[in-house]
Amino acid sequence: MSAPAGANQLNPSRRNFLALLGAGSAAGLGAGWWYHGPHEGGLTAQVFIGRAERYDAPLGDLLERALRELGWGAEGIRGRRVLLKPNLVEPNRAHSHINTHPLVVRAAAETFLRLGAASVTVAEGAGHVRDSLLVLEESGLAEVLAEDRIPFVDLNTDSLFRVPNRGGFTKLDSLVLPASLRQADLIVSMPKLKTHHWTGVTLSMKNLFGLMPGQVYGWPKNVFHQEGIHPSILDIAASVPVHLAIVDGIVGMEGDGPILGTPRHAGVLVVGPNLAAVDATCARLMGVNPRKVAYLAFASGRLGPIRESHIAQRGEDWRTLWQPFELIDSIPAQRGIRLAA
Amino acid sequence: MLASKAIEQLWFRRRADGAFAARPGAEPNIEATAWAAIALAGAGEQAARLEPSLNWLAARQLEDGRLPLEPELADVIWPTPLAMLAWSAAGSHPDRVARAAEFLLRHTGRHWKRKPEEPVAHDTSIRGWPWVLGTHSWIVPTALAVLALRRAGRGEHPRVAESDALLLDRRLPAGGWNYGNTVVFGQTLRPMADTTGAALAALAGLTSRDKVAASIHYLEGAVKRVRTPLSLGWGLIGLTAWNARPAAAADWIEESLRAPERTAPYETASLAVLLIAALAPRQPLGIPGG
């Protein structure tokens with residue numbers, strides 16, 4: 001099966017997230033009121049969960065199996081230019097659970113090349129620091145990329161092009177993107193499985209903040225914080241065609257993520273072509289109800305399905321692997337989002 | 001000396017119209033052109049040779065004094081102080097510098113009186129400068145604006161003193177700065193070398209040493225470990241501004257310049273910042289230190 005031209009689906013009705021949020025509050029509706037409903041516009045998606053206890057496990061074999069089970073044969077990858085977008089936030093060698101592990105990036109690069117990709121590039125626009133080379137060095141990824149001769153592009157300082165904002169959840173009419181996105185046939189979001197103090201969880205959709213150039217939006221991507229993080233996530237996901245998510249959940253982060261949380265071993269890689277469905281599955285694996293995470297609830301039926309019944313599970317069953325990541329009740333975004341047992 | 005080869009690299013990146021490419025083969029931008037001009041002026045290049053670059057920057061200045069990242073991205077104002085520093089370093093375009101200074105002094109980051117329930121600990125009411133108009137003030141754009149205003153002779157303006165207060169307020173409790181948050185949801189964030197260097201450079205001569213002693217101490221440790229040009233360059237610029245340049249600085253710079261450029265050639269702006277630290281062991285940005 002060929003990779004989809006764009007995994008991001010959107011109900012065309014233009015809505016203003018904040019206005020709706022305000023209306024919901026005024027109506028006294030609880031969290032999840034904006035959830036799209038039981039039918040989710042008829043959307044369905046496949047998500048693969050694979051067990052990987054350690055980073056030195058044969059991750060490439062696992063990813064190849066994931067792609068095969070998701071129907072992504074070599075014919076959908078052969079000759080394609082692949083852009084891998086890991087989550088590299090801050091340089092900190094002592095806290096490796098902040099960033100996507102370099103061996104997961106290596107496994108993905110090798111898998112795509114083995115399946116015939118024309119090229120693989122790793123690209124990131126680190127959110128907190130202008131010195132991307134330092135983030136690369138401290139994360140351990142620089143060494144891996146050098147050994148494998150994989151090029152890296154700093155999306156914070158890349159050439160630019162503009163696309164219309166197809167989401168309409170913020171006031172932004174358009175989004176300015178790095179040119180490298182236009183030069184890729186397959187864009188892969190590769191986040192870490194983490195809790196987040198502004199959004200509850202940070203997964204393949206929130207990871208797209210790192211596509212947005214710091215030279216345009218500032219550090220830490222100020223414009224999107226100003227516009228609202230949840231609506232910004234939705235706008236970026238609706239406007240940028242991202243084709244696949246590969247989530248590093250071997251060691252994730254719980255508590256006060258995305259930087260200051262504590263490591264949490266979860267022993268999984270999660271893979272899928274629909275980012276909302278992948279993130280909803282990851283949320284469940286962390287013991288979080290996706291319907292209680294604002295951006296996921298709003299993505300429901302617009303950018304993809306989040307209901308369990310609309311997600312065709314491949315690989316392992318999340319119910320056998322889920323574990324309750326620590327949530328901090330004093331952090332509003334993490335309050336009341338726990339998945340009921 | 002490797003620095004002279006790096007200077008050659010910089011010249012090689014200049015186009016016929018005077019603009020510098022962001023990296024080899026890439027499009028030019030204000031950041032690369034301004035930093036390259038500052039570095040080359042510091043290396044003693046004649047103003048006449050730099051004139052095409054300085055004029056290219058001048059052509060990007062809007063009527064109100066700002067130099068936005070791109071003409072259609074008018075709110076992205078952070079390159080403005082870089083052009084001011086470039087013109088000032090070369091002693092040219094004083095009218096342009098003055099106009100840009102007036103623009104900076106008319107604009108601030110978004111600021112507000114912090115509510116008790118807000119999860120951030122810093123004083124959000126102090127005005128500095130943002131990366132993008134309409135957003136909050138952060139460390140690097142504020143530090144750059146302070147440096148540019150002081151170099152332009154506007155160091156006595158109350159906005160510079162207010163920025164001094166902002167930078168001091170945003171210090172991390174154990175020293176150093178990151179992009180500009182200190183404590184969020186009760187947890188202290190971590191410092192970074194480049195932002196700490198920029199803040200220290202801006203504060204030199206404005207505040208007493210005891211207020212930044214912990215930050216100097218942090219940076220002295222950080223620069224021993226980092227070899228990327230931007231962090232090492234800013235780290236040494238900040239320490240030099242406080243007469244705390246490490247004895248091994250020249251060796252570290254050589255090490256950085258000699259390091260294999262593993263994934264891509266150094267960006268022009270980063271290379272230039274490192275060269276500024278290398279070539280000007282005193283007052284790297286032309287501002288008297290503390």
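Values in this document were obtained by computation on a predicted structure and should not be read as measured data. All heavy atoms count here, side chains included; hydrogens, waters and symmetry mates do not.
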Problem set entry | A/E137 vs B/R227, side-chain contact (heavy atoms from CB on, under 4.5 Å): CA-CA, chis, key distance, verdict | CA-CA 10 Å; A/E137 295 278 352; B/R227 292 295 176 270; over 6 Å; no
Problem set entry | Portion of B/R225 that has a non-hydrogen atom of chain A nearer than 4.5 angstrom | neither
Problem set entry | Structural part of A/V176 lying under 4.5 Å from a heavy atom of chain B | side chain
For this session: Evaluate the criterion side-chain contact (heavy atoms from CB on, under 4.5 Å) for residue pair B/L69 and A/Q215; output intermediate values, then yes/no.
Result: CA-CA 8 Å; B/L69 183 72; A/Q215 63 175 329; 3.6 Å; yes
Exercise. Which atoms of A/T157 come close to chain B, meaning under 4.5 Å heavy atom to heavy atom: side chain ones, backbone ones, both, or neither?
Worked result: both
For this session: Would you sort out whether A/R130 and B/E267 count as a salt bridge (charged side-chain N to carboxylate O under 4.0 Å, His left out), showing the intermediate values?
Result: CA-CA 12 Å; A/R130 171 70 175 77; B/E267 282 180 16; 3.0 Å; yes
For this session: Side-chain contact test, heavy atoms from C-beta onward, threshold under 4.5 Å: evaluate it for B/R190 versus A/I259 and give yes or no.
Result: yes
Exercise. Got A/N222 and B/Y179 here, is their nearest side-chain heavy-atom distance under 4.5 Å?
Worked result: no
Exercise. Of the non-hydrogen atoms in B/F185 and A/P332, which two are nearest, and what is the gap between them?
Worked result: CE2-CD, 3.6 Å
For this session: Could you tell me whether the side chain of B/S231 reaches within less than 4.5 Å of the side chain of A/L133, counting heavy atoms only?
Result: no
Exercise. Does the gap between the ring centers of B/W131 and A/W219 come in under 6.0 Å?
Worked result: yes
Problem set entry | Spacing of A/K221 atom NZ and B/T135 atom OG1 [to the nearest 0.5 Å] | 13.5 Å
For this session: Show the numbers, then the answer: is there a side-chain contact (heavy atoms from CB on, under 4.5 Å) between A/R162 and B/L73?
Result: CA-CA 11 Å; A/R162 195 186 285 263; B/L73 296 171; 3.4 Å; yes
Exercise. By a 4.5 Å heavy-atom criterion (distance strictly below it), what part of B/D194 contacts chain A: side chain, backbone, both, or neither?
Worked result: side chain
For this session: Could you look at B/P141 and say if it's the side chain, the backbone, both or neither that has a heavy atom under 4.5 Å from chain A?
Result: neither
Problem set entry | Side chain, backbone, both or neither of A/E90 within contact of chain B (heavy atoms, under 4.5 Å) | side chain
Problem set entry | Per-residue contact mode, B/T188 against chain A (heavy atom under 4.5 angstrom) | backbone
For this session: Would you indicate whether the side-chain heavy atoms of A/H197 and B/Q187 approach each other to under 4.5 Å?
Result: no
For this session: Select one option (side chain, backbone, both, neither) describing which atoms of B/W78 are under 4.5 Å from chain A's heavy atoms.
Result: side chain
Seminar exercise, completed: Counting heavy-atom pairs under 4.5 angstrom with chain A, the leader among B/S270, B/A193, B/G134 is B/G134
Problem set entry | Under 4.5 Å from a heavy atom of chain B, the part of A/I328 involved | neither
Problem set entry | Among B/D75, B/V140, B/V76, residue most engaged with chain A (heavy-atom pairs, under 4.5 Å) | B/V76
Exercise. Roughly how far apart are B/R23 CZ and A/D158 CG, rounded to 0.5 Å?
Worked result: 6.5 Å
For this session: Side chain from CB out, backbone as N, CA, C, O: work out which of these in B/V184 comes under 4.5 Å of a heavy atom of chain A, or both, or neither.
Result: both
For this session: Start with the C-alpha distance between A/H225 and B/H136, add both sets of side-chain angles, then the distance that settles side-chain contact (heavy atoms from CB on, under 4.5 Å), and finish with yes or no.
Result: CA-CA 10 Å; A/H225 286 246; B/H136 198 34; over 6 Å; no
